[in-house]
Amino acid sequence: IFRSSWGKKFVYWCENNPNVKYWGSECISIPYILATDKSHHIYYPDYVVEMTNGEKWVVEIKPYSQTQRPMNGNSWLWDAYSRNMSKWVATKKFCDDRGLKFKILTERTIDML
């Protein structure tokens, strides 16, 4: 499954990279608490990848603008940023606890794979 042209590019990379042993889309769930309202939610990262060298990744693909602290008062950007930060703090801990790497790819970094 891919939900953007960047996701499509990533799926193509996975399918055609001999170093990718396995990949899956939205196949794990990570509980998190949204910082703005302290409510419990479930996050499904975009991809999980296992490389032939045994390295395992949890991968999220987002527009660069949603990975940076907004410089203006745009409420939609603040909401997206806050939600993403809550998800990613929980995901980082999830990955650290399991020896996984967490990667956030944007339109600026996806071609660096």
Side-chain angles (χ1 to χ4, degrees):
I1 295 172
F2 54 86
R3 301 182 189 282
S4 69
S5 60
W6 305 317
K8 183 177 181 179
K9 185 179 278 193
F10 184 76
V11 166
Y12 182 84
W13 180 85
C14 289
E15 284 291 307
N16 293 285
N17 186 326
N19 297 315
V20 173
K21 179 178 176 181
Y22 163 86
W23 70 274
S25 173
E26 298 179 358
C27 55
I28 62 170
S29 60
I30 300 172
Y32 72 98
I33 297 174
L34 185 57
T36 55
D37 66 7
K38 308 298 185 217
S39 61
H40 293 266
H41 298 271
I42 301 293
Y43 168 49
Y44 299 91
D46 291 333
Y47 301 99
V48 174
V49 179
E50 183 175 344
M51 305 302 285
T52 55
N53 67 1
E55 198 172 276
K56 296 176 183 174
W57 305 348
V58 173
V59 179
E60 180 66 13
I61 299 175
K62 281 286 184 233
Y64 179 78
S65 63
Q66 291 183 28
T67 67
Q68 303 300 303
R69 185 180 192 90
M71 300 304 285
N72 61 36
N74 181 313
S75 63
W76 185 89
L77 279 179
W78 274 104
D79 288 346
Y81 176 78
S82 177
R83 182 171 297 275
N84 288 338
M85 291 303 106
S86 295
K87 290 176 183 178
W88 297 343
V89 165
T91 303
K92 177 80 168 102
K93 180 174 181 354
F94 177 92
C95 289
D96 289 348
D97 290 349
R98 291 161 179 81
L100 308 173
K101 294 188 176 191
F102 180 41
K103 297 181 179 278
I104 301 168
L105 301 177
T106 72
E107 68 273 20
R108 295 182 179 194
T109 60
I110 199 158
D111 289 328
M112 296 178 192
L113 290 170

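Since the structure is predicted, the reported quantities are computational estimates derived from the model, not experimental observations. In what follows, residues are counted from 1 in the order of the sequence shown.
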To the nearest 0.5 Å, what is the distance between CE (Met112) and NZ (Lys103)?
12.0 Å
Across all chains, not counting sequence neighbours, the side chain to side chain donor-acceptor pair (under 3.5 Å) partners of Asn72 are none
Atom OG of Ser5 and atom OH of Tyr12: how far apart are they, to the nearest 0.5 Å?
15.5 Å
Go through the steps for Phe2 and Ile61 under the test side-chain contact (heavy atoms from CB on, under 4.5 Å), then give the verdict.
CA-CA 10 Å; Phe2 54 86; Ile61 299 175; over 6 Å; no
Check against salt bridge (Lys or Arg N to Asp or Glu O under 4.0 Å), Arg83 and Asp79
CA-CA 6 Å; Arg83 182 171 297 275; Asp79 288 346; over 6 Å; no
In Å and rounded to the nearest 0.5 Å, what is the SG to CD distance from Cys14 to Glu50?
12.0 Å
Candidate pair Phe10 and Tyr47, rule side-chain contact (heavy atoms from CB on, under 4.5 Å), full reasoning:
CA-CA 9 Å; Phe10 184 76; Tyr47 301 99; 3.6 Å; yes
Tell me every residue that passes salt bridge (Lys or Arg N to Asp or Glu O under 4.0 Å) with Asp111, counting only those two or more places apart in sequence or in another chain.
Lys9
State, to 0.1 Å, how close Tyr44 and Ser29 come at their nearest heavy-atom pair, and which atoms those are.
CE2-CB, 3.4 Å
Give the other cluster members for Tyr22, using side-chain heavy-atom distances under 4.5 Å between Ile, Leu, Val, Met, Phe, Trp and Tyr residues; answer none if it is isolated.
none
In Å, rounded to the nearest 0.5 Å, how long is the span from CZ of Arg108 to OG1 of Thr67?
8.0 Å
Sequence neighbours left out, what passes salt bridge (Lys or Arg N to Asp or Glu O under 4.0 Å) with Lys92? Give chain and number order.
Asp96
Take Asp46 and Val59 through the side-chain contact (heavy atoms from CB on, under 4.5 Å) test and state the conclusion after the steps.
CA-CA 6 Å; Asp46 291 333; Val59 179; 5.7 Å; no
For Ile28, the other hydrophobic cluster members (4.5 Å side-chain criterion, sorted by chain and number) are Ile30, Tyr32, Leu34, Tyr43, Val48, Val58, Trp78, Tyr81, Met85, Trp88, Phe94, Leu100, Phe102, Ile104
Is it true that a side-chain atom of Gln66 and a backbone atom of Asn84 form a donor plus acceptor pair closer than 3.5 Å?
no
What are the two closest non-hydrogen atoms of Trp23 and Glu15, and how far apart are they?
NE1-OE2, 2.6 Å
Would you indicate whether the side-chain heavy atoms of Leu105 and Glu60 approach each other to under 4.5 Å?
no
Taking only residues two or more places apart in sequence or in another chain, which ones pass side chain to side chain donor-acceptor pair (under 3.5 Å) with Glu55?
Trp57, Lys101
Within a 6.0 Å radius of atom CZ on Arg69, are there more than 12 heavy atoms belonging to other residues, nucleotides or ligands?
no
Within a 6.0 Å radius of atom NZ on Lys62, are there more than 12 heavy atoms belonging to other residues, nucleotides or ligands?
yes
List the steps and the verdict of side-chain contact (heavy atoms from CB on, under 4.5 Å) for Val49 and Val20.
CA-CA 7 Å; Val49 179; Val20 173; 4.0 Å; yes
How long is the straight-line distance from CH2 of Trp6 back to CD1 of Ile110, given to the nearest 0.5 Å?
8.5 Å
Nearest-0.5 Å distance that lies between atom NZ in Lys56 and atom SG in Cys95
11.5 Å
Distance-minimising heavy-atom pair for Ala90 and Pro31
CB-O, 3.6 Å
